[in-house]
Amino acid sequence: MEKICVAVRVRPPAPVIQEVSSGLYWKVEHNRISLHNPIGIPISGASYAFDHVLDQNCTNAKVYELLTEDLIRAAIEGFNGTAFAYGQTSSGKTFTMNGCEDNPGIIPLAIRDIFQHIQMALDREFLIRVSYMEIYNEEINDLFSPENQKLQIHENLERGIFVAGLREEIVNNAEQVLKLIEQGEVNRHFGQTNMNARSSRSHTIFRMVIESKSKDTSSSEHSNSDAIRVSVLNLVDLAGSERIAKTGAGGVHLKEGKHINKSLMVLGNVINKLSDGGKQRGHIPYRDSKLTRILQPALGGNAKTSIICTVAPEEVHIEETRGTLQFASRAKCITNCIQVNEILTDAALLRRQKLEIEELRKKLQGSRSEVLEQEILKLRNELLKYELEREKLAMELEEERKSHKECNQCIKEQQMKIDNINSIVSCSEQDGDSVQIKFFPSSSSMADAGILVLLSTGWGQLPVRQRLEEDSNDDHSTCQENAFKTPCFKSVRNTFVAKRSNYSKLPDSSPLPDDFSNVADEELWLRLNKGHNTDLNSLQMTPSIKAHSFSSSDPSGPSPGYSIEYYKDEIQNLKRQLEHTIEEKNELERSHAKQLFLNNQILVEMSKLQQEMLLIRGIPQKLCVSVTHCKDIYKDVLSIMQIAFKHR
Ligand SMILES: Nc1ncnc2c1ncn2[C@@H]1O[C@H](COP(=O)(O)OP(=O)(O)OP(=O)(O)O)[C@@H](O)[C@H]1O
């Protein structure tokens with residue numbers, strides 16, 4: 001955004017005016033112009049400041065330097081530019097824009113300057129086209145071709161606002177242009193008024209279209225230097241507002257004056273609207289006059305703009321001067337939005353698009369590679385994680401295998417022991433004699449103890465039955481209680497019990513054999529009686545007699561052939577035998593109780609083993625699940641790795 005540059009130029013007083021003066025005068029100080037009373041005091045509300053305020057001594061060259069030089073340079077670089085002179089009639093607009101031979105105005109100075117710069121710009125080649133038109137009575141006429149009259153204004157995307165049918169001359173040097181202008185001036189409408197011997201009766205617009213492109217096409221691969229810059233420079237000399245009373249215009253001039261004033265009023269409206277700025281601006285009436293329509297880009301559009309407001313210093317023109325200064329003050333508020341105008345040839349367009357595509361591709365590749373790197377990093381991390389998990393699972397699997405093996409071994413050992421016990425028990429049942437049972441349970445207490453239990457049967461025979469079942473739902477408390485009672489085989493289900501068979505049956509004959517060949521040796525007896533030394537001699541001395549029952553119903557009674565002594569001895573002997581038998585019975589009961597206790601302990605151990613077995617049975621299933629899980633993980637890892645390699 002750039003503000004319009006506004007300057008006020010005060011022309012020298014006209015020598016011819018004869019009037020009664022009140023002594024009011026305009027004073028120029030720096031960039032300010034103020035109306036003063038005759039005693040030199042500024043009049044309130046009549047002081048104006050601008051970018052430049054140029055007094056009567058200012059030359060056109062200075063005006064050009066201050067107001068137009070930058071604009072011309074910008075036009076060469078591709079920016080649109082407009083400079084116009086605004087002011088009342090005979091205030092020096094034409095003098096400022098065209099100048100005279102001694103004091104060339106902005107247009108010839110600009111033309112020379114432009115060509116000078118073009119010649120110095122070795123890196124670019126230029127094409128300059130010029131046209132010259134006037135808006136006379138609200139009609140556009142071509143000053144280079146007088147036959148081109150009443151031209152129309154058009155607008156399109158390519159050219160913007162333009163006058164259709166206007167002759168454009170391609171020019172190569174300043175002199176050529178100046179000559180063309182000279183020719184065009186001939187066609188311009190001038191008129192003589194009371195105020196100006198050569199009064200412009202129309203607004204004139206000298207237009208230069210400056211096209212340029214870089215001479216260096218080799219660097220065009222990496223820049224936009226092949227783009228064609230096109231700028232439009234308008235140098236405008238407006239007709240002056242006039243009071244009919246002052247100018248004395250009549251007839252044609254009156255009509256001209258009316259059109260001039262009307263178009264200037266529209267210009268004032270446009271400036272007013274533009275100076276409002278922001279949302280209050282509303283509709284800008286560019287289309288209300290041909291002048292504002294043509295100058296539209298210069299007023300709030302894409303152009304650098306300079307306005308030179310010329311004023312007459314005479315007291316008689318104070319009101320017009322104040323009007324011009326107010327117009328200038330509003331114009332000062334207008335901002336334009338300028339930008340380089342570039343036109344791309346097909347080749348240039350193609351090249352620029354190529355560059356853009358290349359840049360986009362680089363950006364895309366950059367972002368793509370970053371994304372891929374991140375993805376690879378993520379995959380690597382995941383891979384590492386899975387590998388660790390796999391190793392952990394493999395270790396767990398190995399441990400479980402070991403544990404399974406150990407358990408199996410343990411079960412085998414236990415099974416062997418159980419079989420061993422079973423075989424011993426079945427042997428004892430078959431033999432009905434003496435049984436030697438060895439336990440090597442897995443539990444440490446039992447193993448350490450290395451318990452050796454001997455069960456024996458003898459007189460008062462005690463055959464042993466052992467049962468072993470795997471069911472762990474035993475009533476151990478019952479077993480414990482029963483361990484110290486006479487065993488009850490039915491109440492203790494699935495327990496390891498000893499049974500005394502034929503307990504109540506009296507033998508038909510003495511249990512002692514006739515000879516001792518089939519009787520257990522002395523060591524066995526000693527062990528059975530826990531060190532109690534049985535009177536073997538007495539046992540051996542016991543005669544092999546047939547037992548008799550002495551029931552009251554027995555009519556026979558003792559044989560009469562025996563003496564009293566014999567009977568006494570016999571009674572004594574029987575008493576001893578009875579005592580011995582009772583003792584043996586008690587001992588056996590104790591052994592049974594102990595055996596039951598041990599059996600219960602074995603059952604507890606077996607129950608534990610069974611629980612372990614249950615756990616062990618579940619291990620293969622677990623292992624299968626683990627192995628399947630491992631396989632799945634391994635498959636996932638493989639697929640992830642395959643994908644990562646594809647991306648690479
Ligand atoms: N700064 C100046 N120095 C010397 N002479 C000047 C200056 N400005 C204007 N003049 C003279 O004043 C007279 C009127 O000037 P000019 O024709 O340029 O006025 P104008 O504003 O163009 O009038 P119009 O609107 O009627 O065309 C001319 O004779 C011109 O030479």
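Both counts, for ligands and for their atoms, begin at 1 and track the order of listing. Positions are given from 1, in the same order as the sequence printed here.
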Carefully, step by step, assess Arg11 and Thr310 under the rule side-chain hydrogen bond (donor to acceptor under 3.5 Å, both in side chains).
CA-CA 7 Å; Arg11 71 153 165 74; Thr310 55; over 6 Å; no
Does ligand 1 have any atom that is closer than 4.0 Å to a heavy atom of Arg9?
yes
Backbone or side chain, does any N or O of Ser199 fall under 3.5 Å from an N or O of ligand 1?
yes
Ring geometry between Tyr48 and Trp26 (parallel below 30°, tilted from 30 to 60°, perpendicular above 60°):
tilted
Proximal ligand 1 atoms for Gly240, defined as those under 4.0 Å from one of its heavy atoms:
25 (O)
Would you say ligand 1 has an N or O under 3.5 Å from any N or O of Phe95?
yes
What distance do Thr292 atom OG1 and Ile284 atom CD1 have between them, rounded to the nearest 0.5 Å?
10.5 Å
Side chain to side chain, Leu180 and Phe144, heavy atoms closer than 4.5 Å
yes
Within 4.0 Å of atom 4 (C) of ligand 1 (strictly less), any protein heavy atom?
yes
Does ligand 1 have a heavy atom under 4.0 Å from the side chain of Gln88, from its backbone, from both, or from neither?
backbone
Any non-hydrogen protein atom below 4.0 Å of atom 13 (C) of ligand 1?
no
Show, in sequence, the C-alpha distance, side-chain angles and deciding distance for Ile128 and Met208, and conclude whether the side chain to side chain contact (heavy atoms under 4.5 Å, CB included) test is met.
CA-CA 7 Å; Ile128 312 287; Met208 289 182 88; 3.5 Å; yes
Polar-atom distance check: Ser90 versus ligand 1, any N or O pair below 3.5 Å?
yes
Who gets closest to atom 19 (O) of ligand 1 by heavy atom: Gly92, Ser202, Pro13?
Gly92
Going by distance alone, is a donor N or O of one side chain under 3.5 Å from an acceptor N or O of the other, for Ser200 and His189?
no
Please verify the inter-ring angle class for Phe206 with Tyr132; under 30° counts as parallel, over 60° as perpendicular, anything in between as tilted.
perpendicular
Quick check: Pro12 and ligand 1, any N/O pair under 3.5 Å apart?
no
Checking the side chain of Asp142 only, and the main-chain atoms of Asn148 only, is there a donor and an acceptor separated by less than 3.5 Å?
no
Of the protein's non-hydrogen atoms, which lies at the shortest distance from atom 26 (O) of ligand 1, and what is that distance?
Thr89 OG1, 2.5 Å
Would one find an N or O of Arg11, backbone or side chain, under 3.5 Å from an N or O of ligand 1?
no
Tell me whether Gly87 reaches ligand 1 (any heavy atom closer than 4.0 angstrom to a ligand atom).
no
Any idea which protein heavy atom is nearest atom 24 (P) of ligand 1, and the distance to it?
Asn196 ND2, 3.4 Å
Would you mind listing which atoms of ligand 1 come within a distance below 4.0 Å of any non-hydrogen atom of Ser91?
19 (O), 20 (P), 21 (O)
In the protein, what heavy atom is nearest to atom 22 (O) of ligand 1, and what distance, to one decimal place, separates them?
Thr94 OG1, 2.8 Å
One should read off an interatomic distance between Arg293 CZ and Arg287 CZ, to the nearest 0.5 angstrom, of 3.5 Å
Between Asn269 and Asp288, does a side-chain hydrogen bond (donor to acceptor under 3.5 Å, both in side chains) hold up when you go through it step by step?
CA-CA 10 Å; Asn269 289 340; Asp288 285 4; 5.7 Å; no
Tell me which protein heavy atom sits closest to atom 27 (O) of ligand 1, plus the residue, atom name and distance to 0.1 Å.
Ser200 N, 2.8 Å
Side-chain donor-acceptor contact under 3.5 Å, Arg167 with Ser131
no
Provide, to 0.1 Å, the distance between atom 25 (O) of ligand 1 and the closest protein heavy atom, together with that atom's residue and name.
Lys93 NZ, 2.7 Å
